[in-house]
Engineer: 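One structure, as structure tokens, below. Some questions next.
Remember, it's 1-based here, ligands and their atoms both numbered in the order they're listed. Computation of the quantities below employed the complete heavy-atom set of this structure, encompassing side-chain atoms and omitting hydrogens, waters and symmetry-equivalent molecules.
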Amino acid sequence: MDNPGAPAGEPKRSPRRGLHLFCPDRLVNSVLEIAPAELRQQGIRGIILDLDNTLVPWRREEISPDVMAWLTRLKSEGFQLCILSNSVLSRRSERIATLLGCPNVRQARKPRRQGFRRAMEAMGTTPAETAVIGDQMFTDILGGNRSGIYTIMVRPLHSREFLYTRLVSRPPERLLLRLFRRRGYL
Ligand SMILES: [Mg+2]
């Protein structure tokens, strides 16, 4: 935390520039590695969740029992959740949001900031109180960093995804992750 003594509502994270806009605050293999206590220590109250390859395999609907238990625990500990998906299959994200009892921001057009703002409005949180968890650097992480929120990148649940993602997004993503590791950012 850059400035833990800042009054509530004040931005606590310094704005990112250049390549730092692509670097997540944290990189995990699975959402299950993210402990609620650790989020609370960061001052997080609301969590924006990507859907495809973060909570469910690409274009699927079933949340695994361990991920469901993790989500249920976050809710029972008082965290606000919101689904933010670029997917055009909005009925599927609606059903998942209903199951989780949380808002769903459709056609988010990440990395644009508007969807992140709508998600924070739905949860009643400020950027300093919000985290995003997602599997893609150029949508979830870039959009989160542009919005001044805490960004957690997760390894994709499954290798099946949009051809565009696999061919266009993943290679530079891997290069940048390697660079960030070498520079000690991750
Ligand atoms: Mg995704």
Side-chain angles (χ1 to χ4, degrees), residues 16 21-34 39 44 46-71 74-75 79-100 102-120 122-123 127 130-178 180 186:
R16 288 166 175 265
L21 275 169
F22 299 96
C23 185
D25 289 297
R26 212 179 146 207
L27 180 66
V28 294
N29 288 314
S30 155
V31 293
L32 304 177
E33 288 176 31
I34 306 163
L39 294 175
I44 304 297
I47 304 166
I48 297 174
L49 296 159
D50 172 54
L51 201 54
D52 282 306
N53 269 334
T54 297
L55 294 185
V56 294
W58 183 60
R59 288 194 169 177
R60 299 289 294 273
E61 199 159 326
E62 312 82 41
I63 301 179
S64 73
D66 45 4
V67 171
M68 196 62 202
W70 174 79
L71 289 165
L74 285 174
K75 287 201 74 183
F79 288 94
Q80 304 286 317
L81 307 178
C82 182
I83 290 174
L84 186 69
S85 174
N86 277 359
S87 175
V88 289
L89 305 175
S90 54
R91 261 178 289 175
R92 180 187 60 134
S93 56
E94 282 294 337
R95 285 193 294 269
I96 294 174
T98 305
L99 177 76
L100 297 178
C102 75
N104 171 42
V105 172
R106 292 181 290 179
Q107 294 167 15
R109 301 170 80 186
K110 295 176 279 187
R112 294 179 69 160
R113 281 172 288 189
Q114 198 195 14
F116 289 87
R117 271 200 296 268
R118 273 157 57 207
M120 286 188 269
M123 298 190 294
T130 309
V132 62
I133 303 176
D135 70 300
Q136 286 199 50
M137 183 183 281
F138 303 116
T139 55
D140 307 308
I141 304 307
L142 176 59
N145 283 338
R146 291 181 72 210
S147 306
I149 71 184
Y150 188 72
T151 49
I152 304 176
M153 188 168 171
V154 62
R155 267 169 81 99
L157 267 183
H158 199 275
S159 58
R160 193 159 171 260
E161 55 191 2
F162 265 123
L163 204 58
Y164 179 88
T165 308
R166 187 145 51 88
L167 298 183
V168 178
S169 304
R170 295 303 184 190
E173 205 173 74
R174 277 193 291 272
L175 274 178
L176 282 171
L177 284 177
R178 222 174 296 149
F180 294 150
L186 287 173

Engineer: Is any protein N, O or S atom closer than 2.8 Å to the Mg ion (ligand 1), and if so, which?
Structural biologist: D50 OD2, D52 O, D135 OD1

Engineer: Can you tell me which residue among Q136, R59, R92, R60 is in a side-chain hydrogen bond (donor to acceptor under 3.5 Å, both in side chains) with D52?
Structural biologist: R92

Engineer: Please determine if R91 and E94 form a salt bridge, counting it only when a charged side-chain N lies under 4.0 Å from a carboxylate O.
Structural biologist: no

Engineer: Please check if the number of heavy atoms outside R95 that lie under 6.0 Å from its CZ is greater than 12.
Structural biologist: yes

Engineer: Only one of L27, T54, D135 forms a side chain to side chain contact (heavy atoms under 4.5 Å, CB included) with M153, so which one is it?
Structural biologist: L27

Engineer: Is there a side-chain contact between Y150 and T130, using heavy atoms and a 4.5 Å cut-off?
Structural biologist: no

Engineer: Side chains of F138 and K110: closer than 4.5 Å at any heavy-atom pair?
Structural biologist: no

